[in-house]
Amino acid sequence: MALYKREESVPLPPKNAEAYNTVCQYCTVGCGYKVYVWPDGLAGGLKAGDNAFGIDFTHPQPPIAGFSYTESMHSTIQRRDGGTYHVAIVPAHDSPINLQGNHSSRGAINAKTTWSAARQTT
C-alpha cells in the first residue's frame, strides 16, 4: 500500500508565487530548499518565463543534471484564511551545501510533511 495517492500531474508554480528559503529537516547536513506557495486554481506555464522556477519544461530535462520536481515535492494545504493552496518544496540550486540542486530521497518528500486534509502526513 502506498503512503500517498499518485498524482496524474504536478502543477507548476506561477511566476508570482510566494517564495521562501528553508533547510531540509531530515539530517544535520542542512541542504537548502526553495518553497513556493500559490492559491489553488492558478498554475504556471511550461515556458521558463511563465513559471516561478524559471525553467523551460517544453523540452525534457537532461538526466541527472536536470531540474528535479516530482509529485513528492508538491502538496496541497489549507491556510488559516480557509483557502486551498499549493506548496512546492524543491532543492535549491543556489545553496552552498547542495550545489546544483543535489538532494536526498528523504529531502525530496519535504512537501509531504505539510499537513493536508486530503492525504496522510508523512
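The side chain to side chain donor-acceptor pair (under 3.5 Å) search around Asp40 returns His86, not counting sequence neighbours. Partners of Phe67 according to the ring-ring contact (aromatic ring centres under 6.0 Å, His included) rule, which considers only residues two or more places apart in sequence or in another chain, are Phe53, His93.
Val87 has its side chain within reach of Val35: a pair of non-hydrogen atoms, C-beta onward, lies under 4.5 Å apart. Inter-residue side-chain proximity for Tyr26 and Thr113 is flagged as met; some heavy-atom pair is nearer than 4.5 Å. Considering only heavy atoms from C-beta on, Cys24 comes within 4.5 Å of Asn110 through its side chain. Counting heavy atoms from C-beta on, the side chains of Val10 and Thr70 never come closer than 4.5 Å. The side-chain heavy atoms of Asn51 and Lys15, taken from C-beta on, include no pair separated by under 4.5 Å. Counting only heavy atoms from C-beta outward, the side chains of Asp56 and Leu46 never approach each other to under 4.5 Å.
Ile55 and Met73 fall within a single hydrophobic cluster, where Ile, Leu, Val, Met, Phe, Trp and Tyr are joined by side-chain heavy atoms under 4.5 Å apart, directly or via other members. In this structure, Leu42 is a member of the same hydrophobic cluster as Phe57, with clusters built from ILVMFWY side-chain heavy atoms closer than 4.5 Å.
Separation of atoms CD (Glu71) and CD1 (Ile109) is listed at 12.0 Å; rounding is to 0.5 Å. Atoms CD and OG1, from Gln78 and Thr84 in turn, are 5.5 Å apart once rounded to the nearest 0.5 Å.
Here the closest non-hydrogen pair linking Ala52 and Pro14 is CB-O, 3.2 Å. The shortest non-hydrogen separation linking Ala108 to Ser72 is O-OG, 2.9 Å. Smallest separation of non-hydrogen atoms from Trp38 and Ala17: CB-CB, 4.0 Å. Taking every heavy atom of both residues into account, Pro91 and His103 meet most closely at CG-ND1, 3.3 Å.
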Requested in this report: Give the C-alpha distance, both sets of side-chain angles, the deciding distance and a yes or no for side chain to side chain contact (heavy atoms under 4.5 Å, CB included) between Ile89 and Tyr36.
Outcome: CA-CA 6 Å; Ile89 304 178; Tyr36 297 92; over 6 Å; no
Steps toward side chain to side chain contact (heavy atoms under 4.5 Å, CB included) verdict (Tyr69, Leu12)
CA-CA 9 Å; Tyr69 181 46; Leu12 294 171; 3.8 Å; yes
Open item on the list: Evaluate Tyr33 against Val23 for side chain to side chain contact (heavy atoms under 4.5 Å, CB included), listing each step before the verdict.
Closed with: CA-CA 6 Å; Tyr33 283 79; Val23 183; over 6 Å; no
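Judged by distance alone, with hydrogens and angles left aside, the side-chain atoms of Ser95 form no donor-acceptor pair with the main-chain N or O of Ala92 at under 3.5 Å.
With respect to the salt-bridge test (charged N to carboxylate O, under 4.0 angstrom), the residues Glu18 and Lys34 do not qualify.
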